[in-house]
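These numbers come from the heavy atoms of this one structure, side chains and all, not from hydrogens, waters or symmetry mates.
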Amino acid sequence: MWVEENNQETEKLPLWHLFIVGRGAVTGVLLVILLLIVRITPSQKLLPAVIVAGLQFITNGLYLYLWKKRDLSFLGYFCFSLEIALITLLILSLGHEGHVFVLAYLWPIIMGGWLIGHQAILPLTLLSSVAYASLLWLGQKGLWPEQISFPNGTPLAFALCPPYLVFNAFLVWALTIEIEHGKERLHARNQELWRMNTGLRSLVQTSEKILSSLNLEELVQAAVSQAQKIARGASFSLYLRQGNELVLRWPKDQDSSQAHLPLPSALQTTPNAGNEGKSSTRTLIHLRSPRGLEGILCVHPREGGLDGYEIHLLQLLGHQVGIGIENARLFSSLRHERNLLHNILLNMGEAVFVVDDRGRVLLANRMAHHLLQVREGQPLPNNLSERLSSNTESHYTIEIGERILSISIAELDGERNLPPSTIYVARDITHELQAERMKADFVTYASHELRTPLTTIKMMVRLLLLDIPKDSPNRKYLEIINSQVERQTRLVNNLLDFAKLEAGRYELPLEEVYPLQVIQDVLDTCRPLAEEKGLQLNTHTSLAPERIISNASGLEQVLVNLVSNAIKFTERGGEVSLSCWQKGKEVFFAVRDTGIGMSEEELTHLFTKFYTIRRARRKGEGTGLGLVISEMIVKKLGGQIKVTSQVGKGSCFTVCLPLESPKPFSSSPEKKENAPSGGVNEPSPTGALTAGA
């Protein structure tokens with residue numbers, strides 16, 4: 001509603017301007033006539049009429065100011081109310097014969113009805129009646145001025161009335177002509193708006209079709225059809241982008257020399273505009289999307305060219321077509337990727353299937369049907385559903401018939417009204433486990449077979465060392481042989497332990513373990529190595545528990561390995577310490593050294609099979625299995641092993657074990673009777689056991 005009123009006021013602005021200019025001319029002519037009469041017959045009686053005519057002329061400046069402010073409603077009522085007042089004063093100033101100007105009251109009423117609206121006619125008529133009634137009342141009271149006449153006796157009012165009425169009639173005629181022209185312009189504008197509305201409505205319908213179409217050929221046909229509706233009589237060529245060039249897609253029968261356009265020149269081309277905003281030559285409409293230029297629509301206009309509105313509609317169409325082309329290409333790319341992923345999934349060697357929260361299979365590949373008899377669109381088989389629902393881990397193995405399957409699970413949260421689902425990936429590891437078992441059996445067999453000759457060689461070498469004097473040159477060779485036999489024996493033992501741990505045949509029965517006794521056994525084993533390198537071997541056990549539930553031999557093997565490694569990587573004069581303390585329901589064993597330390601990269605590979613620190617390999621020591629075996633033993637005992645290290649400042653290995661076994665345990669009387677009661681098992685007053693180098 002506000003927009004319509006604003007449009008009406010905008011349309012009346014020219015009428016108001018014409019009225020103010022015309023009224024200024026009329027009042028100016030009246031003022032000139034009065035001034036000429038004053039020069040011909042000077043009289044003081046003419047002074048009021050001259051003043052009133054001058055006020056009428058001056059008020060045009062005020063009217064023009066209000067017109068520029070665009071407050072037309074206030075301008076109308078103020079202007080015509082003032083006009084009625086000035087007409088009344090003019091009649092009064094002309095004396096008794098001024099009644100000939102009574103008809104002048106009609107033109108403010110008529111003009112007010114045109115310029116303000118029909119609602120202004122009644123108040124202006126009432127105001128005119130009040131003004132004329134005031135004149136009659138002044139006449140009855142004898143307050144009417146004397147009549148102003150020419151020397152020949154002709155009243156001045158008779159002389160002024162005809163030109164005044166003629167000029168007012170001319171003003172009314174000019175306004176009427178302007179109103180008729182305004183109606184013609186309004187009609188032409190309505191026609192243009194109807195054309196624009198029709199074009200936009202057609203463009204919207206085509207845009208919906210273009211944006212919903214995912215077929216490139218249909219999209220091109222719709223774009224050209226709409227362009228022909230917008231610019232009737234014009235011919236078109238449509239190019240689409242392929243790589244770094246534009247390829248002609250419409251019309252099909254165009255000259256092959258124009259079937260390709262270089263992309264850089266197309267990007268730099270802009271529409272050529274002729275006179276009065278019309279395109280007189282070929283117009284290029286860029287088909288753009290958020291990704292950039294998708295193509296170009298070449299318009300060869302009819303005679304006379306295209307107007308600005310047609311070019312504007314074609315540009316809007318080009319934008320919509322560009323987005324439609326991008327959507328079609330994205331859909332084609334997504335369809336290609338979907339087909340690719342579908343084929344990959346279909347031909348995978350692993351069984352992949354997706355199950356919703358109701359147990360229905362949403363997706364399954366060929367291997368899923370072959371291994372598990374899972375079919376897409378059907379519920380899971382009962383036996384498989386029970387096996388899968390009974391496991392809560394993200395990775396586990398199950399046996400189905402003679403097959404052993406490794407199952408991996410990933411949960412998918414429901415999004416966009418989709419139900420939550422679960423992805424299962426099953427892999428047949430039957431042959432892999434058989435190969436692993438064969439490998440473990442071979443390693444175990446080979447280790448057992450190697451132990452017997454190594455034990456015999458070691459015994460014979462020791463017997464020979466007993467018979468050879470210390471200063472004999474052959475003793476050195478025998479000591480080298482003995483050292484290499486020891487090294488090979490450790491390697492065989494490590495391989496055998498590792499094979500047993502991997503195969504799950506390494507038995508670590510739970511029993512009562514006394515940490516102080518285990519630490520003392522470790523010290524006895526490692527003290528000769530520390531003395532040989534001149535190292536200080538310390539223990540800190542003041543906070544150690546009296547007993548724990550674990551496995552003594554396994555724990556001793558881990559600690560001996562850690563302490564011997566610390567001795568091996570610590571230079572002469574350094575220090576190695578073994579600590580034990582209890583915290584809550586856990587017991588900690590820490591082995592610290594002041595050795596060479598390890599870098600961040602070395603720490604990441606520390607528990608990898610057969611990995612050894614290169615700085616140590618130059619000495620020809622280490623098999624790369626000791627820490628791996630230690631970690632496997634600690635995990636088998638329900639604990640974990642951690643390490644911190646800094647190059648040049650040493651390392652710290654910490655073993656954390658549960659104080660009590662999670663499994664039920666009952667100690668035997670024999671073990672309680674054999675429990676140590678004194679010696680190294682009793683913490684010293686200082687809480688430390690020390691073995692000096």
Side-chain angles (χ1 to χ4, degrees), residues 337-415 418-445 496-510 607-609 628-629 631-638 640 661-664:
E337 292 180 3
R338 181 183 180 278
N339 292 336
L340 180 63
L341 291 175
H342 178 73
N343 290 329
I344 292 175
L345 181 65
L346 196 64
N347 296 285
M348 283 180 63
E350 292 81 11
V352 181
F353 56 99
V354 181
V355 183
D356 62 12
D357 55 348
R358 296 177 298 176
R360 182 170 293 275
V361 180
L362 303 178
L363 178 69
N365 63 353
R366 293 175 182 170
M367 191 56 68
H369 173 64
H370 175 69
L371 289 179
L372 303 169
Q373 303 301 314
V374 173
R375 294 180 181 273
E376 188 173 320
Q378 296 183 3
L380 280 175
N382 293 332
N383 60 337
L384 180 61
S385 178
E386 294 175 359
R387 299 288 296 277
L388 295 178
S389 60
S390 62
N391 291 279
T392 58
E393 299 179 0
S394 60
H395 187 82
Y396 53 88
T397 59
I398 60 173
E399 292 187 13
I400 297 181
E402 298 180 353
R403 299 179 184 273
I404 301 176
L405 303 179
S406 173
I407 306 292
S408 298
I409 301 176
E411 299 290 340
L412 292 178
D413 295 331
E415 295 181 358
L418 295 177
S421 55
T422 306
I423 300 178
Y424 294 91
V425 179
R427 187 166 61 91
D428 188 355
I429 59 172
T430 306
H431 297 296
E432 294 180 13
L433 290 180
Q434 290 175 352
E436 289 290 333
R437 289 170 183 170
M438 292 176 64
K439 181 183 71 174
D441 292 342
F442 171 75
V443 171
T444 303
Y445 175 77
L496 185 59
D497 292 341
F498 180 72
K500 289 181 178 179
L501 284 168
E502 274 199 327
R505 297 198 295 264
Y506 194 90
E507 298 296 333
L508 290 171
L510 295 177
F607 295 98
T608 304
K609 290 185 290 186
V628 178
I629 294 173
E631 183 186 35
M632 296 175 74
I633 292 175
V634 170
K635 286 183 177 180
K636 198 171 181 66
L637 294 175
Q640 57 181 341
S661 171
K663 297 180 180 180

Side chains of residues 367-381: which donor-acceptor partners sit under 3.5 Å, not counting sequence neighbours?
from	atom 1	to	atom 2	distance (Å)
His369	NE2	Arg375	NH2	3.4
Gln373	NE2	His369	O	3.3

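- Residue Ala364 comes nearest to Val361 through the heavy atom pair CB-CG1, 3.9 Å, listed as atom of the first residue, atom of the second, then distance.
- Within the 4.5 Å cutoff, side-chain heavy atoms of His395 are placed close to those of Ser406.
- Taken to the nearest 0.5 Å, the NZ atom of Lys636 stands 10.0 Å off from the CD1 atom of Ile633.
- In this structure a side-chain-to-backbone donor-acceptor pair under 3.5 Å is present from Thr430 to Ile404.
- Arg403 contributes atom CZ, which lies 7.0 Å from atom NE2 of His431 (distance to the nearest 0.5 angstrom).
- Taking CD1 of Ile407 as the start and CD1 of Ile398 as the end, the distance is 4.0 Å to the nearest 0.5 Å.
- Here the CZ-CG distance, from Phe353 to Leu345, works out to 12.0 Å after rounding to the nearest 0.5 Å.
- Surrounding CG of Asn382 are at most 12 heavy atoms belonging to other residues, nucleotides or ligands under 6.0 Å away.
- Here the side chain of Asp428 pairs no donor or acceptor atom with the backbone of Gly349 at under 3.5 angstrom.
- Within the 4.5 Å cutoff, no side-chain heavy atoms of Val352 are placed close to those of Tyr424.
- Taken from CG in Leu388 to CG in Asn383, the straight-line distance is 9.5 Å, to the nearest 0.5 Å.
- Residues passing the side-chain hydrogen bond (donor to acceptor under 3.5 Å, both in side chains) test with Ser385, sequence neighbours excluded: none.
- Between the CG atom of Asp356 and the CG atom of Leu363 there is a distance of 12.0 Å, given to the nearest 0.5 Å.
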